[in-house]
Amino acid sequence: MPEEPVTSDGATAAPYASYLDLLARGAAVDAYDRPVARARAGGAAPAVLADLEQAKRLALRVRAELEGRRRREAELAALFETAHDLAGLRDLDAVLRAIVQRARSLLRTEVAYLSLNDPVRGDTYMRVTDGSVSARFQQLRLGMGEGLGGLVAQTARPYVTDSYFDDERFRHTRSIDAGVRDEGLVAILGVPLTLGSQVIGVLFAADRRARVFEREQIALLGSFAAHAAVALDTANLLAETRSALTGLERANAIIRDRSAVIERASEVHDRLTELVLRGGGVDDVTTAVSHVLGGAVAFTDAAPPAGAADGRAVRDGDAWVAAVTAGGEVFGALVLHGDADLDPVDRRTLERAAMVTSLLLLADRSAGEAEQRVRGELLDDLIDAPDRDRRLLRERAARLRADFDAPHVVLAARLGRQPAPPGDRGGTPAKDGTGADRRRLWSAATHLAATRRGLASARDGGTVLLLPLAPGDTPAGLARMTARHLGGALHEPVTVGGSSPVGAPADHPGAIAPAYAEARRCVDALTLLGRTGEGGAAADLGFLGLLLADTRDIDGFVERTIGRVAAYDRRRGTDLVRTLQAYFDSGMSPARTKDLLHVHVNTVAQRLERVAHLLGQDWQSPDRALEIQLALRLHTLAPALANRGPSR
């Protein structure tokens, strides 16, 4: 800016012009000292200097007023947007997130969060956070009167501290202090969310440095808290209204349909009786029941919901399900789609149809058991005598409609409460004591194998299955599906371990025995890890899978664990992998991490927030953190491992 003209006595020709220009340009506060300094340096008279000082004070007052107006405009705009969100409330979580984000932005804090009171447990818990990087902090629960938030929830008054750990007005607890320290917070402001005289939660704004919150900022956060309370109250009222309307509609439907229910029950009884007498099949049953109930009824061999196991039809999402069971074994379920509600008499109709279906399936089971024994013998031969004539193996598989040209997975299944004695083999399980349970497991497994064109055999105190891999299937996914299916059929936990994929058995019969050994190691590991009743393969067990699998897929483990972070670094030229390593090396402390990386703590927080987006919010849980640290070490050693030859 050019120098202003100065008179012979050193005074500026236009004492107010400079300040008007500074106001017009929105200059910083320290710029308002320069006109006085220039005049003083030019030897201006005391009267002129006094005028300039007065002009500076007036200009700074105008500047402060303009800044205040701009700030109030931004605050009013944010409050208007929040009110607009409430007017079109559809998603309560989205509205609460918007409130927290706007509060953080306007108060210019590093973190903002909202907690709600739990009347059942008598404490308050985190509901929404913005800017937080600590998983422990995001899962905090505060007892009434504990910590700053607990004090706000208890007294219904705002509280603010410029140094949390030095403030003795509220009760510090180990868990709360650990969470706050993990997040790195120092200054915290909390205001209550109230409905009438009742406190339902607390809205917070916090910084990772000492800070004094002004009265206007406390009032602004209180306004956002009032909007959050209105949002919660509105959502509760909407939920109650919807529930009342649903009840009225259901009552009207029952009254409307009552006269037709008796007639439908009589019709379905006659139809099912006729089907049994003429030897109909499951498809005939589902067709008849679909016609009578006016919806689409289908049979599925998937395990029904737990509530359907006692023979009653239960609601499952938008469908009704009735279990198809016989002798304590679950064959599957009848599922009725297309009916929003079902009369009690119609439920009995669906249950009766499920009973008839179980009788028909038992008849089919008797005829098919001989074939299943043959399937078990073929699988035993593949494990015990893989050097048999391949042509004969292929012919036997063709007669059983098994596709030996497709890749397969070997699965070892074991009842959760049953040990695995070695050396117990044979296509048919024993029938006494524990053998009765093993027979039920073998029966359910052979049924599953037959439906998927695979093989099953009783072996080593459990059951072994050889199932083809369909497009999109994985060994771990197939193991989990098998555990769910067998566990649902038997009503008790069944643990299933899967092998790595095996090439076409017709071409590689010798690969079945090692794959079975790997599957058994997997099921033993699941049991030792306390994961009884689950299914998994080596790829599903993290770094433990590297030890159990016949192949050591180190690259695959690293890619599954931190691949998304490494790929992000390659695409964006960022340094998230090194930040992760420094974070763990520093004991998961953002403050010490920034010292290792020589960056600001805010940079560390932003990088960790991006890591959480890439890996999931649970990435700091103990199990995942252990796997991530191992993957980081292996990633660092990748060049050396690449030179050692194929992984084994």
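In this text the structure is predicted, and so the values were computed from the model without any measurement. When a residue number appears, it is its place in the shown sequence, counting from 1.
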OG/Ser223 to CG/Leu220 distance, rounded to the nearest 0.5 angstrom? 6.0 Å
How far apart are the C-alpha atoms of His337 and Val335, what are their side-chain angles, what is the distance that settles it, and do they pass the side-chain contact (heavy atoms from CB on, under 4.5 Å) test? CA-CA 6 Å; His337 295 281; Val335 182; 3.3 Å; yes
Strictly by modelled atom types, are Asp585 and Gln581 linked by a side-chain donor-acceptor pair under 3.5 Å? yes
Aromatic ring proximity, centroids under 6.0 angstrom, Tyr164 and Phe170: yes
Got Arg480 and Glu534 here, is their nearest side-chain heavy-atom distance under 4.5 Å? no
Any donor-acceptor N/O pair, His227 side chain to Gly222 backbone, under 3.5 Å: no
Check the pair Leu96 / Leu232 against side-chain contact (heavy atoms from CB on, under 4.5 Å), numbers first and verdict last. CA-CA 9 Å; Leu96 294 180; Leu232 290 163; 4.1 Å; yes
Give a yes or no on this: more than 12 heavy atoms of other residues, nucleotides or ligands lie within 6.0 Å of atom CZ of Arg215. no
May I ask you to test the Phe165-Val180 pair for a side-chain heavy-atom distance under 4.5 Å? yes
Within the side chain of Asp167, is there an N or O that forms a donor-acceptor pair under 3.5 Å with the backbone of Arg169? yes
Can you tell me how far CZ of Arg607 sits from OG1 of Thr579, rounded to the nearest 0.5 angstrom? 4.0 Å
Could you check whether any side-chain N or O of Arg104 sits under 3.5 Å from a backbone N or O of Glu110, counting only pairs where one atom can act as donor and the other as acceptor? yes
What I'd like to find out is whether the side chain of Tyr583 reaches to under 4.5 Å of the side chain of Leu608, using heavy atoms alone. yes
Ile200 side chain near Thr194 side chain, heavy-atom distance below 4.5 Å: no
Under a plain distance cut-off of 3.5 Å, with no hydrogens placed, do Thr495 and Thr532 share a side-chain donor-acceptor pair? no
Among Val128, Leu114, Thr129, which residue meets the side chain to side chain contact (heavy atoms under 4.5 Å, CB included) test with Arg97? Val128
Taking every heavy atom of Ala205 against every heavy atom of Phe213, the minimum-distance pair comes out as O-CZ, 3.8 Å
Using 0.5 Å steps for rounding, measure from the CD1 atom of Ile176 to the CZ atom of Phe137. 10.5 Å
Is it the case that the side chain of Thr474 and the backbone of Gly477 share a donor-acceptor pair, with hydrogens and angles ignored and the cut-off at 3.5 Å? yes
Leu203 versus Leu221: any side-chain heavy-atom pair under 4.5 Å? yes
When every non-hydrogen atom of Leu597 is compared with those of Arg578, the smallest separation belongs to CD2-NH1, 3.6 Å
Output, in order, the C-alpha distance, side-chain angles, deciding distance and verdict of side-chain contact (heavy atoms from CB on, under 4.5 Å) for Arg136 and Met588. CA-CA 11 Å; Arg136 179 191 299 180; Met588 302 174 72; over 6 Å; no
Is it the case that the side chain of Gln620 and the backbone of Val133 share a donor-acceptor pair, with hydrogens and angles ignored and the cut-off at 3.5 Å? yes
To the nearest 0.5 Å, what is the distance between CZ (Arg209) and OG1 (Thr109)? 9.5 Å
Which atoms form the tightest heavy-atom contact between Gln217 and Leu189, and what is the distance? O-CD2, 4.3 Å
In short, Leu193 meets Ala229 closest at the heavy-atom pair CD2-N, 4.2 Å
Please assess Ile188 against Val160 for the test side-chain contact (heavy atoms from CB on, under 4.5 Å), listing each intermediate value before the final yes or no. CA-CA 6 Å; Ile188 306 175; Val160 61; over 6 Å; no
Contact between Asp207 and Val186 at the side-chain level, heavy atoms closer than 4.5 Å - yes or no? no
Is the backbone of Val120 close enough, under 3.5 Å, to the side chain of Asp118 for a donor and an acceptor to pair up by distance? yes
When every non-hydrogen atom of Ala39 is compared with those of Leu49, the smallest separation belongs to CB-CD2, 3.9 Å
Donor-acceptor pair, distance only, cut-off 3.5 Å: does the side chain of Ser105 make one with the backbone of Gln101? no
Separation between CE of Met126 and OG of Ser132, rounded to the nearest 0.5 Å: 7.5 Å
Nearest heavy-atom pair of Arg211 and Arg108: which atoms, and what distance? NH1-O, 3.1 Å
Identify the residue among Val111, Leu148, Val152 that makes a side chain to side chain contact (heavy atoms under 4.5 Å, CB included) with Phe204. Leu148
Does Val604 reach the side chain of Pro590, with side-chain heavy atoms less than 4.5 Å apart? yes
Test item: Arg592 side-chain N/O and Ser586 main-chain N/O as donor-acceptor pair under 3.5 Å: yes
Return the OG1 to CG distance between Thr161 and Leu151, rounded to the nearest 0.5 Å. 11.0 Å
Please test Tyr113 against Glu183 for side chain to side chain donor-acceptor pair (under 3.5 Å), starting from the C-alpha separation and ending with a verdict. CA-CA 12 Å; Tyr113 49 101; Glu183 190 63 55; over 6 Å; no
If only atom types and distance count, is the side chain of Asp569 paired as donor or acceptor with the main-chain N or O of Leu576 below 3.5 Å? yes
Treating Glu146 as the side-chain partner and Gly143 as the backbone partner, does any N or O pair qualify as donor plus acceptor under 3.5 Å? yes
